[in-house]
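The structure's right below; bear with me while I get my questions together.
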Amino acid sequence: MKKIALIGSTGSIGKQTLDVVKNHPDKFEIISLAGGNNVGEFLSQVAYFKPKVATLATQIEKDKICQFNTDFFFGENAFTNAIVEEADIVVVALVGFKGIIAVLDAIEKGKNIALANKESLVVGGSLVMQKAKEKGVKIAPIDSEHSAVWQALNFDFDAPFKKIILTASGGAFRDKTLEEMASLKAKDALIHPNWQMGNKITIDCTTLINKAFEVVEAKWLYNTTFDKIDVIIHRQSIIHSMVELNDNSVLAQMSYPDMRLAIQLALSYPERLTPTVNSLDFASLGSLTFEKIDNKRFPCFDLILQSAKSGGLYPAVANGANEQAVNLFLQDKIGYNDIYKGIYGALQAFDGSHHVHLEDLQEADKFARNYVNFLFGV
Ligand code: MG
């Protein structure tokens, strides 16, 4: 029985993780849950899974929790209390920068991680991977692309390869012209063609920032260089990514898009449990297509990669500016193209040191958010 600490239980990945646990009560047990602001949903999760520890970002009244035989903690960073001694694996399913706090805490406590939070590797990949190595902590990817690569490499992060080829659906705006994009609103972006995901990542898919983040994620997870990672638009999201080996043989991992496959595998590998998805019906799939990224229409892709190549705190600035700009876009306070402007401006304005400790990252993140607020007068 594997004991799971789930950090970020009310988000999209969190709920799907609980679904996997529910389907395999003989394999997995929830030892702790950390939720955000969705109190109703969170309390029903606590009632069902009866964790030892539960943490919430928001304080709630005592009479709401007295019925549970669970230790509750409250506050913005209370989630670290959910990374308990008894946990065998910590699922980090938080969205955004704060994910790195959970990742570093789990590493410090020597816990293996199933990682859905990509921002932690984007902003602090060198720090995270170095600490994980020191502590002998294993990081299993939950992101579908990195799970695909991991599967193609037979769960071996050190296996040799020539190239990683990440696939991208292209997001909801893949066929929009630059002119059309200028007037797009959050509601237009929140319909992903293939995947069911949270709001922030769905916007990141339309800008291709999500894909740029995944390139950075792949660089750190597979200890490689940017020139060995390609991205190809694959509209059908059937091939979740590929690996080209030294003899030019290419291995692809395929399935209908369903995050529970990657989640379940990150929890159970090398064992494969009963499926969460239907068998692929190849005859009904039609064509699988592949296209190059149009960098003119999706300028954020190169911008994020540039910040990652600059290294130091620049990725944290780019990420912080993106988080704040997406936040404002979701509230219809800025336009779609302002996301690029916010990130570009913050990167230009930043002139910081290249130390990458948690405190430096937090400062760079704060700088970028404040810059975006200042730029758009909010
Ligand atoms: Mg992905």
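None of these values were measured; they are calculated from a predicted model. The figures here come from the full heavy-atom set of this structure, side chains too, leaving out hydrogens, waters and symmetry mates.
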message: Looking only at the side chains, is there a donor atom on one of Gln306 and Asp302 sitting less than 3.5 Å from an acceptor on the other?
response: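 Per modelled atom types, Gln306 and Asp302 side chains form no pair under 3.5 Å.
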message: Show every ring-ring contact (aromatic ring centres under 6.0 Å, His included) that has at least one partner inside residues 236-267, sequence neighbours left out.
response: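 Listed by first then second residue: Trp195-His240.
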- prompt: To which residues is Leu261 joined in a hydrophobic cluster, defined by side-chain heavy-atom contacts under 4.5 Å among Ile, Leu, Val, Met, Phe, Trp and Tyr, whether direct or through other members?
  reply: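 Result for Leu261 is Val277.
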field: Partners passing ring pair (Phe, Tyr, Trp, His ring centres under 6.0 Å) against Phe329 (at least two apart in sequence or in another chain)
entry: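 Result, ring pair (Phe, Tyr, Trp, His ring centres under 6.0 Å) vs Phe329: Tyr336.
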message: Under the rule for salt bridge (Lys or Arg N to Asp or Glu O under 4.0 Å), what residues qualify as partners of Lys133, not counting sequence neighbours?
response: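 Expected list: none.
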Could you tabulate the donor-acceptor pairs under 3.5 Å formed by side-chain atoms of residues 86-94, not counting sequence neighbours?
unit_1: Glu86; atom_1: OE2; unit_2: Lys52; atom_2: NZ; d: 2.8
unit_1: Asp88; atom_1: OD2; unit_2: Lys3; atom_2: N; d: 2.7

field: Those residues that, when tested against Phe301, pass ring pair (Phe, Tyr, Trp, His ring centres under 6.0 Å) (two or more places apart)
entry: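 By the ring pair (Phe, Tyr, Trp, His ring centres under 6.0 Å) rule, Phe301 matches no residue at all.
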Please tabulate, for side-chain N and O atoms in residues 63-80, each donor-acceptor pair with protein atoms closer than 3.5 Å (sequence neighbours left out).
unit_1: Gln67; atom_1: NE2; unit_2: Lys64; atom_2: O; d: 3.3
unit_1: Thr70; atom_1: OG1; unit_2: Pro51; atom_2: O; d: 2.7
unit_1: Thr80; atom_1: OG1; unit_2: Asn77; atom_2: O; d: 3.2

Spatial distance of atom CG (Leu265) from atom CD (Gln253) [nearest 0.5 Å]: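 One finds 8.5 Å between CG of Leu265 and CD of Gln253.
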Acceptor/donor pairs from residues 33-50 side chains to any protein atom, 3.5 angstrom cut, sequence neighbours excluded:
unit_1: Asn38; atom_1: OD1; unit_2: Glu41; atom_2: N; d: 3.4
unit_1: Ser44; atom_1: OG; unit_2: Glu41; atom_2: O; d: 2.8
unit_1: Gln45; atom_1: OE1; unit_2: Ser9; atom_2: OG; d: 2.7
unit_1: Gln45; atom_1: NE2; unit_2: Ser9; atom_2: O; d: 2.9
unit_1: Lys50; atom_1: NZ; unit_2: Ala47; atom_2: O; d: 3.3

task: Please name all residues satisfying side-chain hydrogen bond (donor to acceptor under 3.5 Å, both in side chains) with Lys366, sequence neighbours left out, ordered by chain then number.
output: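 Lys366 satisfies side-chain hydrogen bond (donor to acceptor under 3.5 Å, both in side chains) with no residue once adjacent residues are dropped.
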Residues 149-158 side chain polar contacts: donor-acceptor under 3.5 Å, at least two apart:
unit_1: Gln151; atom_1: OE1; unit_2: Arg272; atom_2: NH1; d: 3.2
unit_1: Gln151; atom_1: OE1; unit_2: Arg272; atom_2: NH2; d: 3.0
unit_1: Gln151; atom_1: NE2; unit_2: Ser147; atom_2: O; d: 3.3
unit_1: Gln151; atom_1: NE2; unit_2: Ser147; atom_2: OG; d: 3.0
unit_1: Asp156; atom_1: OD1; unit_2: Asp158; atom_2: N; d: 2.9
unit_1: Asp156; atom_1: OD1; unit_2: Ala159; atom_2: N; d: 3.4

field: Residue pairs involving residues 355-378 (criterion ring-ring contact (aromatic ring centres under 6.0 Å, His included); sequence neighbours excluded)
entry: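 Counting only pairs at least two positions apart or across chains, the ring-ring contact (aromatic ring centres under 6.0 Å, His included) contacts touching residues 355-378 are Phe350-Phe367.
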- request: Could you check Leu166, Val122, Ile164 and say which one makes a side chain to side chain contact (heavy atoms under 4.5 Å, CB included) with Val215?
  value: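 Single pass found, and it is Leu166.
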task: Give, for atom NZ of Lys27 and atom CG of Leu267, the distance between the pair rounded to the nearest 0.5 Å.
output: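 CG of Leu267 is found 12.0 Å from NZ of Lys27.
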- prompt: Sequence neighbours excluded, which residues qualify as side-chain hydrogen bond (donor to acceptor under 3.5 Å, both in side chains) partners of Lys131?
  reply: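 With neighbours one apart ignored, the set is empty.
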